[in-house]
Number of protein chains: 2
Amino acid sequence: MAKAVQQRTLKTRTKLLDAATAVIAEGGYEALRVEDVVKRAGVAKGTFFAHFKDKDALMDHLIGKEIDRHLDQIAALPAPRTSAEMTDALMPLAAFMSCERYVFDVILRHSGAAAQREIGPIAMTFGRHEQVVTDWLAQRPFRTDISAQLQAEGVQAFAIQAISLMFCSLHNSLSIRERLQVYLAAWLTPQS
Amino acid sequence: MAKAVQQRTLKTRTKLLDAATAVIAEGGYEALRVEDVVKRAGVAKGTFFAHFKDKDALMDHLIGKEIDRHLDQIAALPAPRTSAEMTDALMPLAAFMSCERYVFDVILRHSGAAAQREIGPIAMTFGRHEQVVTDWLAQRPFRTDISAQLQAEGVQAFAIQAISLMFCSLHNSLSIRERLQVYLAAWLTPQS
DNA sequence: ACCAAAAAGTGACCGCGGTCAATTAAAATT
DNA sequence: AATTTTAATTGACCGCGGTCACTTTTTGGT
């Protein structure tokens, strides 16, 4: 069996990823065209699709990597003691997720994988995110009537909602931070 | 000024919508091709795009209409007295929203409109949904430490989350109903 | 009834994601 | 070293959403 992958493959993949990163640096995620990427990488179009199932898979990879970077930062933080602290801790990630409408759409599309086999980078980060928040909540329980895991799922749901409403003209009076703060307070420290 | 729209226009529009409905009835939303629709309607391709900004606008219209139908049913219901009753009341809508992965994606993409002018049918239904739930909550408060409006926003966030996780292999042990039931109980009737 | 202006409709064309039979390069076998 | 086998790459091609200069139809004014 040994090495089934050739170095050539890795080199091509690196060229493609570097080219994609450069294209995105110039025009953002939405403006990325596969044809631009392959031209820049100096390979044929078909080669791209031998490395990535489709354009979405490339986005999944790149955006997933970026989310992971933010999660590294978040995981290194001490467990927040209040819902306000938790809001602050989650904000950098939320800011990235909302940097482009297209990026947010890609994230939502990939947040859950239909089949066990197809769990991609972004879906992985959602699992990781849930774990990080669950660990926080296990350390410093905000409310005790429901499990930390359930609370973490709620935190995720509210983060999505806060970002969604930021893109909505009917509800854009509050910033993501302000809205998330209100949600988390109501969810993690109910007063009745 | 008088009538700027000709009957011809309405007739063509009807033909397009009927054709689209027929195509969807045969192969579902995801399989809809604009070319099939115009062929069936007996008009040219360009005509389609004179009536709908793009394919997404057609989907927005058709799916929005379907959601509205469900909201009519829901609005006619008496205000639920428990979170379990609310879950039951919302389930038919949730079932439609999750009938196809593609449909759910379209709904998420259109749930908020970027500009005030561009509020489409689906975005309207989200406003209406929020209003219906807010009215319920105002009648029979579940918790009183936060506003009915805020509670309604949370209900929406959890409904989305419950559907999302149904499409996710990592979390598909529970049905939408079971998961939504747990969420709403924790959100509307916290015990601490 | 006639004509000019406005509205509606047409279809060849383009952009771009994605495919696949053919080609080339690398590894395995003799 | 020559040959077979397997992996990687290529680019012409396709499908389908979307555009636009042009034609046809309707309308409103005279």
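Note on naming: letters A, B, ... go to the chains in the order of the sequence lines (proteins, then strands), and numbering restarts at 1 for each one.
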* Structure fact -> Residue pairs passing the side-chain hydrogen bond (donor to acceptor under 3.5 Å, both in side chains) test with at least one member in residues 42-55 of chain A, sequence neighbours excluded, are A:E35-A:K45
* Before accepting this row, confirm whether a basic side-chain N of the pair B:E85/B:R140 lies closer than 4.0 Å to the acidic partner's carboxylate O. => no
* Would you mind building the protein contact string for nucleotides 19-24 of chain C? One character per nucleotide, 5' to 3', B for base within reach (heavy atoms under 4.0 Å), S for sugar-phosphate only, - for untouched. => BB----
* Do the ring planes of B:W187 and A:F158 sit parallel (below 30°), tilted (30 to 60°) or perpendicular (above 60°)? -> tilted
* Interatomic distance, B:F48 CZ vs C:dG11 C1' [rounded to whole Å] -> 16 Å
* Asked: Mind checking whether B:Y102 and B:I160 sit in one hydrophobic cluster, side chains of I, L, V, M, F, W, Y counted as touching below 4.5 Å?
  -> yes
* **Side-chain donor-acceptor pair present, A:Q131, A:D135, cut-off under 3.5 Å** => yes
* For DNA chain C, the residues among residues 36-44 of chain B that have a non-hydrogen atom under 4.0 Å from it -> B:V43, B:A44
* Asked: Between D:dA8 and A:H51, is there an OP1 or OP2 to side-chain N/O distance shorter than 4.0 Å?
  -> no
* Asked: Can you tell me how far CG of A:L62 sits from CD1 of A:I67, rounded to the nearest 0.5 angstrom?
  -> 11.5 Å
* Asked: Whole Å only: how far is the CD atom of A:E30 from the P atom of C:dG17?
  -> 12 Å
* Would you kindly confirm whether A:I119 and A:I122 end up in one hydrophobic cluster when ILVMFWY residues are joined by side chain heavy atoms under 4.5 Å apart? => no
* Asked: Between D:dC14 atom P and B:R33 atom CZ, what is the distance in whole Å?
  -> 18 Å
* Structure fact -> Residues in residues 55-64 of chain A with a heavy atom under 4.0 Å of DNA chain C, by number, are A:K55
* Asked: Among all residues two or more places apart in sequence or in another chain, which pass the salt bridge (Lys or Arg N to Asp or Glu O under 4.0 Å) test with B:D18?
  -> none
* **Residues A:D105, A:R109: salt bridge by 4.0 Å N-O rule** => no
* Asked: Is there a path of hydrophobic side-chain contacts, each under 4.5 Å between heavy atoms of I, L, V, M, F, W or Y residues, that connects B:Y183 with B:L150?
  -> yes
* Asked: Among the nucleotides C:dG9, D:dG18, D:dT9, which one has an atom lying closest to any side-chain atom of B:T12?
  -> C:dG9
* Distance, rounded to the nearest Å, where B:Q7 contributes CD and D:dT27 contributes P -> 6 Å
* Structure fact -> Rounded to whole Å, OH of A:Y102 lies from P of C:dC16 at a distance of 13 Å
* Asked: In whole angstroms, how far is the P atom of C:dG15 from the CD atom of A:E35?
  -> 9 Å
* To do: Take the protein atom CZ of B:F52 and the nucleotide atom P of C:dG9, then report the distance between them rounded to whole Å.
  => 12 Å
* Could you give all pairs that pass the ring-ring contact (aromatic ring centres under 6.0 Å, His included) test and reach residues 110-155 of chain A, with sequence neighbours left out? -> none
* Structure fact -> To the nearest angstrom, the CG-P distance between B:L32 and D:dG18 comes to 11 Å
